[in-house]
Peer 1: 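Below is one structure. I have some questions about it.
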Amino acid sequence: MHFDKKWLPFGLALVLRMSVPNTMIAQLIFGLVGIFYASYFSIQSFRNLRFRIVGIDLLVTLAALGSLLIGEPWEAASVTFLYVFGKHLESRALYKTQTELKSLIDSMPTTVVGADGMSYTMDEVFPGMNIKVVAGNVIPVDGSVYEGIGSVDEASITGESNLQQKTVASQVFMGSILKEGYLLIRVERTSDDTVYGQILDLVENAQNKKSRVQNFIDRFSQYYTPAVIGIAIVAYLLTQDTRMALSLLVVSCPGALVIAIPIASSVALSHALKHHVLIKGVDIFEKLNKIETIAFDKTGTLTLNTLSVVRVEAHAQSQETVLQIAASLEHYSEHVIASAILDKNTLPLKEVSDFEVIGGMGVTGTIDGVSYRVGQENLFSYDVPQVSSSAVYVGTEVELYGIVILEDTLRPEAPDALAQLQDYTLMMLTGDNAHSAQRIADMVNISHVKSRLLPQEKLNIINQHENIMMVGDGMNDSPSLIAADLGVSMGGSENRVAMECADMILAHRDLNQLPKMFRLARRVRNVMYQNIVIALVTVGVLFIGVLNAHVSMSLGMIIHELSVLIVIVNAMRLRG
């Protein structure tokens, strides 16, 4: 651990205090040490008076100045040192809570290589410019690939743990890492306009927002300091005891009260960021503690936005045969449904000839001399049964073999996450059909389901409830995210609008973080109140101790700084 040289003067003074405290040289050094540490805050405390800012530092300044005037330089040295050291502890604690954010910022490159091979600073990069990124480097912009192929780690942006294959026309995002290959990228967005830049901005802005409790503490301190100075003056006039009056100034410094809320809030924001949850303000913790109802969108929120086979309706052939034929033909298709069918099939694929893609309808092909059709109902010349879900029909030109029914894939963590939220009223608000909505709702134990909703209808339902949280992921959810008491967006580059409208972002799209944030909010509230009680009790006890002549100025400052340390340690429990 690095030792700060500014603590050496007090170390020297402490040695003299224990060895030759009453010598003239010791008294002179005590006074100089007091002035040295007072220089860190006293001049600014007097300057602030021009703006009618009466801070805690003014109390310490007056106490130190008074100590020098009455010939007690050791008191001045110890009081100013303890104040500066206490502020140092506070800043160190706050610094540690910001390391995750700093690591994100420091990871970004400061220069890029253009497609022409020349090096450019980030300030020289502009939309429309072409740049080159090679394996091992961070992608410094949002853009599209126009040449090359590579595997990209997008975990910091989308939360997707698997490497993403990027080829011509693929989108890439600032902050992701090219693990293999090379990419030539046409720049679309830089710096603050990128998804990554907006994430950093969200976290930094959250640090500057204040909760309702913090605003109260700030208003309280504006009146508290002048009141303490007034009490000290009255005490001196009544008792003519200068030492007691100065001691009242020192022990009344509510340093622990001043940092009680900021330190807890900062640690909590850091904890949330560590778990890939971006919170736009510390007031969000208060809102979390008031929530009574949680409304979920379905597609992309409770589900993965991918399809899976849920059942096979057999008609002229068995379920196994229907899947085998569908998989054999879909093996040659690039449609998103193909992988779901191939995953479900357990039989060997058959050889297909005369394969053809019928745009927007499906595919055809010949197996063992028989011509098959796999696709939508309009691919068949005869009537086929209608189903309410996504369906792939399998048959020949004259006969339907069966229907493969597909549905959205439930997020694997959703059942456990929502099981932890059963103390709240859970709702599903979706534009999907009633059958699909109810299937997902039954899987996660949501009893209130509204389907086939337009964005305005979702908004109307949100507006009918108080203390409601909305969890969504798409642009159509944005009005509801804004109107809700607390809007939560699933992270991801495709959800830019929803991320802008939300108060909280699940960057890794993990619903398990929701109950964790509720628990964190309750812990934050408890720690804040504990810190306030610690601070007020300390000031009260010291105040009485001074009036009873049981607490000296230096002892009072030591106890005061111990209370600051206790408040910091108590807040640090939120990191776990």
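All residue numbers refer to positions in the sequence shown, counting from 1.
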Peer 1: Could you tell me the separation between the NE2 atom of His275 and the CG atom of Asp510, rounded to the nearest 0.5 Å?
Peer 2: 10.0 Å
Peer 1: What closest approach, in Å, do Leu459 and Pro479 show between heavy atoms, and which atom pair accounts for it?
Peer 2: CD1-O, 3.5 Å
Peer 1: Minimum heavy-atom separation for Leu574 to His271, with atom names?
Peer 2: O-ND1, 3.2 Å
Peer 1: Taking only Lys NZ, Arg NE, NH1 and NH2, and the carboxylate oxygens of Asp or Glu, determine whether Asp485 and Lys290 approach each other closer than 4.0 Å.
Peer 2: no
Peer 1: Would you say the side-chain atoms of Tyr372 pair up with the backbone N or O of Thr364, donor to acceptor, closer than 3.5 Å?
Peer 2: no
Peer 1: Taking CD in Gln422 as the centre, count heavy atoms belonging to other residues, nucleotides or ligands within less than 6.0 Å. Is the count above 12?
Peer 2: yes
Peer 1: Are any side-chain N or O atoms of Asn289 and backbone N or O atoms of Phe285, one a donor and one an acceptor, separated by less than 3.5 Å?
Peer 2: yes
Peer 1: Using modelled atom types only, decide if a donor and an acceptor are shared between the side chain of Gln324 and the backbone of Pro348 within a distance under 3.5 Å.
Peer 2: yes
Peer 1: Can you list the steps and then say if Ile185 with Tyr146 is a side-chain contact (heavy atoms from CB on, under 4.5 Å)?
Peer 2: CA-CA 6 Å; Ile185 301 168; Tyr146 69 89; 5.8 Å; no
Peer 1: Is the closest side-chain heavy-atom distance between Val141 and Val125 below 4.5 Å?
Peer 2: yes
Peer 1: Within the 3.5 Å criterion, strictly below it, is a donor on Gln530 or Arg525 matched to an acceptor on the partner's side chain?
Peer 2: no
Peer 1: Go through it in stages, so that I can follow the logic: the residues are Phe355 and Val363, the test is side-chain contact (heavy atoms from CB on, under 4.5 Å), and I'd like the CA-CA distance, side-chain angles, deciding distance and then a yes or no.
Peer 2: CA-CA 7 Å; Phe355 177 80; Val363 297; 3.7 Å; yes
Peer 1: Looking only at atom types and distance, does a side-chain atom of Asn345 sit under 3.5 Å from a main-chain N or O of Ala327, one as donor and one as acceptor?
Peer 2: no
Peer 1: Is the shortest side-chain heavy-atom distance between Leu426 and His448 below 4.5 Å?
Peer 2: no
Peer 1: Within the distance-only criterion (no hydrogens, no angle test), does the side chain of Thr293 pair as donor or acceptor with the backbone N or O of Ile468 below 3.5 angstrom?
Peer 2: no
Peer 1: Taking all heavy atoms of Leu183 and all of Gly148, pick out the closest pair and write down the distance.
Peer 2: CD2-C, 4.1 Å
Peer 1: Can a donor-acceptor pair be found between the side chains of Glu407 and Ser436 at a distance below 3.5 Å?
Peer 2: yes
Peer 1: Less than 4.5 Å apart, any side-chain heavy atom of Leu302 and any of Met428?
Peer 2: yes
Peer 1: Regarding Asp116 and Tyr120, is there a side-chain donor-to-acceptor distance under 3.5 Å anywhere?
Peer 2: yes
Peer 1: Any side-chain heavy-atom pair from Arg186 and Met129 closer than 4.5 angstrom?
Peer 2: no
Peer 1: Counting C-beta onward and ignoring hydrogens, is there a side-chain heavy-atom pair between Ile358 and Glu356 closer than 4.5 Å?
Peer 2: yes
Peer 1: Carefully, step by step, assess Gln420 and Asp416 under the rule side-chain hydrogen bond (donor to acceptor under 3.5 Å, both in side chains).
Peer 2: CA-CA 7 Å; Gln420 299 177 61; Asp416 179 59; 3.2 Å; yes
Peer 1: How about Met122 and Pro140: do any of their side-chain heavy atoms sit closer than 4.5 Å?
Peer 2: yes
Peer 1: Give, for atom CD1 of Ile294 and atom CG of Asn467, the distance between the pair rounded to the nearest 0.5 Å.
Peer 2: 12.0 Å
Peer 1: Identify the residue among Val145, Ile177, Val133, Ile139 that makes a side-chain contact (heavy atoms from CB on, under 4.5 Å) with Val152.
Peer 2: Ile139
Peer 1: Parallel, tilted or perpendicular: which fits the ring planes of His276 and His508, with parallel below 30° and perpendicular above 60°?
Peer 2: parallel
Peer 1: In Å, rounded to the nearest 0.5 Å, how long is the span from CG of Leu323 to OG of Ser318?
Peer 2: 9.0 Å
Peer 1: Do side-chain atoms of Glu124 reach the backbone of Thr121 as a donor and acceptor pair under 3.5 angstrom?
Peer 2: yes
Peer 1: How far does CE of Met469 sit from CG of Leu288, to the nearest 0.5 angstrom?
Peer 2: 5.0 Å
Peer 1: Are any of the side-chain nitrogens in Lys458 or Asp297 under 4.0 Å away from the carboxylate oxygens of its partner?
Peer 2: yes
Peer 1: Quiz question: by atom type and distance under 3.5 Å, do the side chains of Gln319 and Arg311 form a donor-acceptor pair?
Peer 2: no
Peer 1: Starting from the C-alpha separation in whole Å, work towards a yes-or-no answer on side-chain contact (heavy atoms from CB on, under 4.5 Å) for Thr303 and Arg411.
Peer 2: CA-CA 5 Å; Thr303 66; Arg411 289 188 178 279; 5.6 Å; no
Peer 1: Strictly by modelled atom types, are Asp442 and Gln438 linked by a side-chain donor-acceptor pair under 3.5 Å?
Peer 2: yes
Peer 1: Counting C-beta onward and ignoring hydrogens, is there a side-chain heavy-atom pair between Phe380 and Thr396 closer than 4.5 Å?
Peer 2: no
Peer 1: Hey, is the main chain of Gln317 close enough, under 3.5 Å, to the side chain of Thr321 for a donor-acceptor pair?
Peer 2: no
Peer 1: Locate the shortest heavy-atom distance separating Gly150 from Leu178; write the atom from each residue and the value.
Peer 2: CA-CD1, 4.0 Å
Peer 1: How long is the span from the CZ atom in Arg509 to the CG atom in Leu304, to the nearest 0.5 Å?
Peer 2: 8.5 Å
Peer 1: For Gln464, does the CD atom sit with more than 12 other heavy atoms under 6.0 Å from it, leaving out its own atoms?
Peer 2: yes
Peer 1: Might you point out which heavy atoms bring Val384 and Glu377 nearest each other, and give the distance in Å?
Peer 2: CG2-CB, 3.3 Å
Peer 1: Check for me whether the distance between the ring centres of Tyr393 and Tyr401 falls short of 6.0 Å.
Peer 2: no
Peer 1: For the atom pair CG (Asn137) and NZ (Lys132), what is the distance rounded to the nearest 0.5 Å?
Peer 2: 11.0 Å
Peer 1: Taking atom types as modelled, is there a side-chain donor on Glu147 or Tyr182 under 3.5 Å from an acceptor on the other?
Peer 2: yes
Peer 1: Test Arg575 against Ser270 for side-chain contact (heavy atoms from CB on, under 4.5 Å), laying out the working first.
Peer 2: CA-CA 8 Å; Arg575 294 177 69 91; Ser270 175; 4.2 Å; yes
Peer 1: Is the shortest heavy-atom distance from the side chain of Val113 to the side chain of Met118 under 4.5 Å?
Peer 2: no
Peer 1: Heavy atoms only: give me the nearest Ala437-Ser451 pair and the separation to one decimal.
Peer 2: CB-CB, 4.0 Å
Peer 1: Check whether Asp142 reaches the backbone of Met174 with its side chain - one donor and one acceptor, N or O, closer than 3.5 Å.
Peer 2: yes
